[in-house]
Amino acid sequence: MPWLPPQSRPFFSELVELIQKRNLPKGKAFHGRLIRNGQASSCLYIANCIVNLYAKCGDLVKARIVFDRIPCRDVVSWNCLINGCSQLGSSSSLGVVMELLKGMMVENVLPNAHTFAGVFSGGLDVTGGRQAQAVAFKIGCFGDVFVGSSLLNLYCKSSIVSDARKVFDEMSERNLVSFAAMISGYASQRLAKEALDLFGLVRIEEDESGNEFIFTSVLSGLTVPELLDTGKQIHCLALKYGLLCFSAVGNAIVTMYSKCGSSDNALQMFTLFDDKNSITWSAMVTGLAQSGDFEKALKLFSSMHFAGISPSEFTFVGVINACSDLSAIEEGKQIHGYSLKLGFESQMYVMTALVDMYAKCSSISDARKGFDYLLEPDIVLWTSMIGGYVTNGDNEAALNLYCRMQMEGIMPNELTMASVLKACSSLAALEQGKQIHGRTIKYGLGLEIPVGSALSTMYAKCGSLEDGNKVFRRMVTKDIISWNAMISGLSHNGHGNEALQLFEEMLYEGTKPDYITFVNVLSACSHMGLVDRGWSYFNMMFDKFGLVPKVEHYACMVDILSRAGKLKEAKEFIESATIDHGMCLWRILLSACRNYRDFELGAYAGEKLMELGSQESSAYVLLSSVYASLGRKEDVERVRRLMKLRGVSKEPGCSWIELKSRVHVFVVGDELHPQIGDIRAEIRRLWKHIMDEEDCLPTFELASAYSFAV
DNA sequence: ATAGGGTTAG
């Protein structure tokens, strides 16, 4: 049967050429001619070629029609169709590929190595891959290098490197292709050591120096500064073996230098590059942006135009990120315009970068416009938009969008859940948070760092400390953020001792605290009135961990001292502070002086604030009340006039609470709540209770809150 | 006649 009659030979060679060129229009015309002169179905060779022609050109419908008309299809006919589907690579194609594999076996056509190589290179579905793997094993195609390489590549692409390695180890024959696939699998998982080990093995086992594929793969895994020297050595090897003429190798070297923190080497490599292509430019622009050289990145981006290379979607993503980090919205908008001009308006990655940029630049409505433009946003774009709302403080919008996403049946990922949980934390929306917790379990997301941390924070912030702690204890790996979240949760809910205990436990486990940890620890000391421990933690920051205390830490210290009534000590501490502390320290002292009725010191602190030009209304209100207590009426007037003169006004206070799925909002001075009468009566009752209590002197804040409320 | 690997991105 596989025989090509002499009269078909000229047609055959012309067909092969059309297939190689993927020339569908000419191919169609040629197919028409073959039908007219009766050659189309003269032999299986020609028929298969025609199936292959349509399949390679992506016209699977036509390929299938021709295929269905072949009277006795052989394994090649099926393989052509399968490969066509594989190369389309759409999400639905894997199902089709599996159907075809089944179909051929039903017709008693035995698959061969070509079949499986095609099947494995088609989709990214692991389940399908495993099924087909079993069939390949049974039929005895498993030993083939092509089959093994494409299967291990499938596992790599699905991020299951361990399974890929199993296939790799079990292969009876390996070649450079199998090595390249395996190395790149490790590299993409950032397992540089494993990738380098295999790279070394290539030279022993294959007795070869490798090829351009091996080099690009191993280079792409070198992404941290510690590997810079290794990267340099591999660069030298590439030079020695004459592989620098492959632009992919050069591109990988440029990226390697950027990621390993050597922009200089990257730029040098880039400058010496003979024929820079779009990838080279993108790699360099992105590299500069990621190293924090945003201006250089933007400059290089504009010179690209003059070099006659037009930016790709990759370049845009890189340069838009530079704008986000710079908060350079004007440049960002221009680049957005440029990307529209080049027709990237529907590119998912570009749009995600734009949404991030607008969100970071506080233009959340522009971010939303971009998001709405894409009809089928993928999960990363959904997550960026939701996360954008969260960073801009519009937590309701974040949750609304998340609900819409759920209704559209989009499966969230870890980062989506972490964002919506953060929204729940900020809103203190416990019920919603619990539901989302349920979802994470349903989706099998576990308690890995983004979700686990967000969950324990959410419970802690919503006052459900036990649940927060439960989640925290079940997390297998905790990072500093998880610890901070739990410590702060305990501290904020009045469990200062437990907060400090947890901090000690953290130190014991060898986790290094950061600035935020110390803010939480010091504020716990403040709530507990622990002056000595406060001092010891404050000193520990620099002495033990090399952390220079920031203004927040000074503020906590002032708070500790003044709450404990050590007002003079607090004043001396502020005046000896070596940092540019601004006004907040005096503001804390002033309020403490008011509460402790040390009006002289209060006036001193208040006048400091007046000198520094405070814009906080509370500073003026507090100081004038201090002067009122001292009976200095003219000073009261002066402070009030100053407040007016400087245009300081009071932001109305606002608070809310969620009860039985309803959110109750209160703004200072409003009468809107339907039960406002009952609420006021209850506040009066509580106030009376406080006043009746012995030794219970309400603070100034409490007293003013009371006077506002009733 | 049919097959496998690499470089840039959210």
Side-chain angles (χ1 to χ4, degrees), chain A residues 2 4 12 15-16 19 43-53 55-56 74-84 86-87 112-122 141 144-154 156-157 175-185 187-188 210-220 243 246-256 258-259 277-287 289-290 311-321 324 347-357 377-381 383-384 387 415:
Chain A
L4 188 62
F12 168 68
L15 254 178
V16 169
I19 293 168
C43 70
L44 193 53
Y45 255 74
I46 296 287
N48 282 344
C49 277
I50 296 167
V51 174
N52 195 28
L53 170 78
K56 277 252 162 82
D74 69 352
V75 63
V76 177
S77 331
W78 285 95
N79 288 349
C80 290
L81 213 52
I82 287 175
N83 291 326
S86 285
Q87 275 155 22
N112 61 14
H114 290 259
T115 320
F116 291 106
V119 168
F120 293 143
S121 62
C141 291
D144 186 89
V145 222
F146 283 80
V147 176
S149 304
S150 51
L151 178 61
L152 80 84
N153 192 41
L154 171 70
C156 286
K157 292 282 136 64
N175 59 16
L176 287 181
V177 177
S178 353
F179 270 96
M182 196 63 235
I183 291 174
S184 111
S188 62
N211 60 12
E212 70 273 27
F213 290 98
I214 299 286
F215 272 74
T216 39
S217 303
V218 75
L219 281 162
S220 71
L243 295 172
F246 293 99
S247 61
V249 176
N251 292 338
I253 292 175
V254 170
T255 309
M256 180 274 291
S258 299
K259 295 227 154 125
N277 57 24
S278 166
I279 295 180
T280 326
W281 282 89
S282 303
M284 196 63 240
V285 168
T286 308
Q290 286 173 350
S312 70
E313 61 270 39
F314 287 88
T315 339
F316 277 111
V317 170
V319 82
I320 291 166
N321 287 335
S324 320
Q347 219 284 335
M348 198 79 72
Y349 277 63
V350 174
M351 189 49 88
T352 311
L354 284 168
V355 166
D356 276 341
M357 182 202 73
D378 71 357
I379 184 58
V380 186
L381 184 49
T383 306
S384 292
L415 294 175

Seminar exercise, completed: Of the listed B:dT2, B:dA1, B:dG10, the closest approach to the A:Val380 side chain comes from B:dG10
Exercise. B:dT2, B:dG5, B:dG4: which one has an atom nearest the side-chain heavy atoms of A:Val145?
Worked result: B:dG4
Exercise. With no angle test and no hydrogens, is the base of B:dG10 tied to the side chain of A:Asp378 by a donor-acceptor pair under 3.5 Å?
Worked result: yes
Exercise. Counting side-chain heavy atoms from CB outward, which of B:dT7, B:dG10, B:dG4 is closest to A:Val317?
Worked result: B:dG10
Exercise. Across the strands shown, which category fits A:Ser150 at heavy-atom distances under 4.0 angstrom: base, sugar-phosphate, nothing?
Worked result: sugar-phosphate
Exercise. Quick check: does any side chain N or O of A:Thr255 sit under 3.5 Å from a backbone N or O of A:Ala283, one acting as donor and the other as acceptor?
Worked result: no
Exercise. Think A:Asn211 has a side-chain N or O under 4.0 angstrom from the OP1 or OP2 of B:dG5?
Worked result: no
Exercise. Does the aromatic ring of A:Tyr349 sit over the six-membered base ring of B:dG10, closer than 5.5 Å centre to centre and tilted less than 30°?
Worked result: yes
For this session: Grab the CG-C1' distance between A:Leu152 and B:dA3 for me, whole Å please.
Result: 14 Å
Problem set entry | Nucleotide nearest A:Asn153 when distance is taken to its side chain, options B:dT8, B:dA1, B:dG6 | B:dG6
Seminar exercise, completed: To the nearest angstrom, the CD-P distance between A:Gln87 and B:dG5 comes to 9 Å
For this session: Compare the minimum distances between each of B:dG5, B:dA1, B:dG6 and the side chain of A:Lys157, then state the nucleotide with the smallest one.
Result: B:dG6
Problem set entry | Check: A:Met348 and A:Glu313 side chains under 4.5 Å, non-hydrogen atoms | no
Seminar exercise, completed: Side-chain contact check for A:Asp356: nearest option of B:dG5, B:dA1, B:dG10 is B:dG10
For this session: For A:Phe116, answer base if it contacts any base atom (sugar-phosphate contacts may also be present), sugar-phosphate if it contacts only those atoms, and nothing otherwise; contact means non-hydrogen atoms under 4.0 Å.
Result: nothing
Exercise. A:Leu151 has an atom CG; how far is it from atom P of B:dA3, in whole Å?
Worked result: 19 Å
Problem set entry | Main-chain N/O of A:Ser77 paired with A:Asp74 side-chain donor or acceptor, under 3.5 Å | yes
Seminar exercise, completed: The nucleotide from B:dT8, B:dA1, B:dG5 with an atom nearest the side chain of A:Ser312 is B:dT8
Problem set entry | Nearest-angstrom distance from the residue atom CD1 of A:Ile379 to P of B:dA9 | 21 Å
Problem set entry | Student check: side-chain heavy atoms of A:Asn112 and A:Asn79 closer than 4.5 Å | yes
Exercise. Base, sugar-phosphate, or nothing: which does A:Ser384 touch, judged by heavy atoms less than 4.0 Å apart?
Worked result: nothing
Exercise. What is the distance from CD1 of A:Ile183 to P of B:dT7, rounded to the nearest Å?
Worked result: 12 Å
Exercise. In whole angstroms, how far is the C1' atom of B:dG6 from the CD1 atom of A:Ile279?
Worked result: 10 Å
Exercise. So do A:Asn83 and A:Asn52 actually touch side chain to side chain, heavy atoms under 4.5 Å?
Worked result: no
Exercise. Between A:Ser178 and A:Asn175, is any pair of side-chain heavy atoms under 4.5 Å apart?
Worked result: yes
For this session: Assign A:Leu176 to base, sugar-phosphate, or nothing according to its heavy-atom contacts below 4.0 angstrom with the strands shown.
Result: base
Problem set entry | Proximal nucleotide (of B:dA3, B:dG10, B:dG6) relative to the A:Gln290 side chain | B:dG10
Exercise. Taking only side-chain nitrogens and oxygens of A:Lys259, does any of them come within less than 4.0 Å of OP1 or OP2 of B:dA9?
Worked result: yes
Problem set entry | Nearest-Å distance for atom pair CD1/P, residues A:Ile320 and B:dG10 | 11 Å
Exercise. Which nucleotide in the list B:dG5, B:dT8, B:dA9 gets nearest to the side chain of A:Gln347?
Worked result: B:dA9
Exercise. So what does A:Met182 touch, heavy atoms closer than 4.0 Å: a base, only the sugar-phosphate, or nothing?
Worked result: nothing
Exercise. Is A:Phe213 stacked on the base of B:dG5, meaning ring centres closer than 5.5 Å and planes within 30 degrees of each other?
Worked result: yes
Problem set entry | A:Val145 side chain reached by A:Val177 side chain, heavy atoms, under 4.5 Å | no
Exercise. So, do A:Phe179 and B:dG5 meet the stacking rule of ring centres under 5.5 Å and planes under 30°?
Worked result: no
Exercise. How many Å lie between CG on A:Asp144 and C1' on B:dT2, as a whole number?
Worked result: 13 Å
For this session: Could you check whether A:Asn83 gets within reach of a base, just the sugar-phosphate, or nothing at all, counting any heavy atom under 4.0 Å?
Result: sugar-phosphate
Problem set entry | Side chain of A:Ser149 - closest among B:dG4, B:dT8, B:dG6 | B:dG4
